[in-house]
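Source: prediction; values computed, not measured. What's counted below: heavy atoms across the whole structure, side chains too, no hydrogens, waters or symmetry copies.
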Amino acid sequence: QVQLVESGGGLVQAGGSLRVSCAASGRTFSSYAMGWFRQAPGKEREFVGGINRYGSRKSYADSVKGRFTISRDNAKNAVYLQMNSLKPEDTAVYYCAADADAGPYNIRTLPRDWDYWGQGTQVTVSS
C-alpha cells in the first residue's frame, strides 16, 4: 500500500509556470506506475500525464502535450508535474495517483484503473 501527498499548487497568471509534487510513502514506490489527474468544478476527473515504474515511458493528455512534463525520482519516492504555459482552462484540483497493476511499461488513463490517490492540490490560473 502507498500513501500519496501532493504539494505545490497555487495561483498563477496565464502563461506562467508551476510545479506540483507528490510524496509517496512505502517501500514499493518503484513498482507503481504514477500519474497525475485533474478535476475542474462540474467536470469529471481526467488524465493529465503518467509515467511508468522505471521512468522510461511517459504519456500525456493531448490538452497538455508540449506544456507539461511528468518525472519521478524513485530514490526520493516522489513524482512531479512541471506545468508551463499555463492556461485558465488548466484550473483544477490536481491529484497524484499510483497504479499497482499497470505492468512495467503500461500507462493507463482511466481513473477507475488507478489504485491509490492523494488528497489533491488546487491549481488556479488567472487570465
Quick one: do [X] and [Y] end up in the same hydrophobic cluster if we chain Ile, Leu, Val, Met, Phe, Trp and Tyr together by side-chain heavy atoms under 4.5 Å apart?
| X | Y | value |
| --- | --- | --- |
| Met83 | Tyr60 | yes |
| Tyr116 | Leu81 | yes |
| Val64 | Ile51 | yes |
| Trp117 | Tyr80 | no |

Please examine the side chains of [Y] and [X], heavy atoms only from C-beta on, and report whether any two atoms are closer than 4.5 Å.
| X | Y | result |
| --- | --- | --- |
| Tyr94 | Glu6 | no |
| Ile70 | Val79 | yes |
| Arg45 | Trp114 | no |
| Leu4 | Tyr95 | no |

Does Lys87 come within less than 4.0 Å of Asp90, counting only side-chain N to carboxylate O?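 No salt bridge links Lys87 with Asp90.
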Within 6.0 angstrom of Gln119 CD, more than 12 heavy atoms from elsewhere: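 Result for CD/Gln119: enclosed.
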Spacing of [X] atom [atom1] and [Y] atom [atom2] [to the nearest 0.5 Å]:
| X | Y | atom1 | atom2 | value |
| --- | --- | --- | --- | --- |
| Asn74 | Tyr32 | CG | OH | 12.5 Å |
| Leu11 | Gln122 | CG | CD | 9.5 Å |
| Gln3 | Cys96 | CD | SG | 12.5 Å |
| Ser31 | Asp101 | OG | CG | 10.0 Å |

Where the side chain of [X] meets the backbone of [Y], is there a donor-acceptor pair that is under 3.5 Å apart?
| X | Y | result |
| --- | --- | --- |
| Thr121 | Ser7 | no |
| Arg72 | Asn52 | yes |
| Asp115 | Ala100 | yes |

For [X] and [Y], which heavy atoms make the closest approach, and how far apart are they?
| X | Y | result |
| --- | --- | --- |
| Ser25 | Val2 | O-CG2, 2.9 Å |
| Asn84 | Ser17 | OD1-OG, 2.9 Å |
| Pro88 | Ala14 | CD-CB, 4.1 Å |

What do the steps show when you test Phe29 against Met34 for side-chain contact (heavy atoms from CB on, under 4.5 Å), and what is the final call? CA-CA 9 Å; Phe29 175 76; Met34 298 299 297; 3.7 Å; yes
Does the gap between the ring centers of Trp36 and Phe68 come in under 6.0 Å?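 Centroid separation for Trp36 and Phe68: 6.0 Å or greater.
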Should Arg38 and Ser63 be marked as a side-chain contact (heavy atoms from CB on, under 4.5 Å) after you check the CA-CA gap, both sets of side-chain angles, and the distance that decides it? CA-CA 12 Å; Arg38 67 187 181 186; Ser63 59; 3.5 Å; yes
Go through it in stages, so that I can follow the logic: the residues are Gln13 and Ser126, the test is side-chain contact (heavy atoms from CB on, under 4.5 Å), and I'd like the CA-CA distance, side-chain angles, deciding distance and then a yes or no. CA-CA 5 Å; Gln13 288 188 333; Ser126 63; 3.7 Å; yes
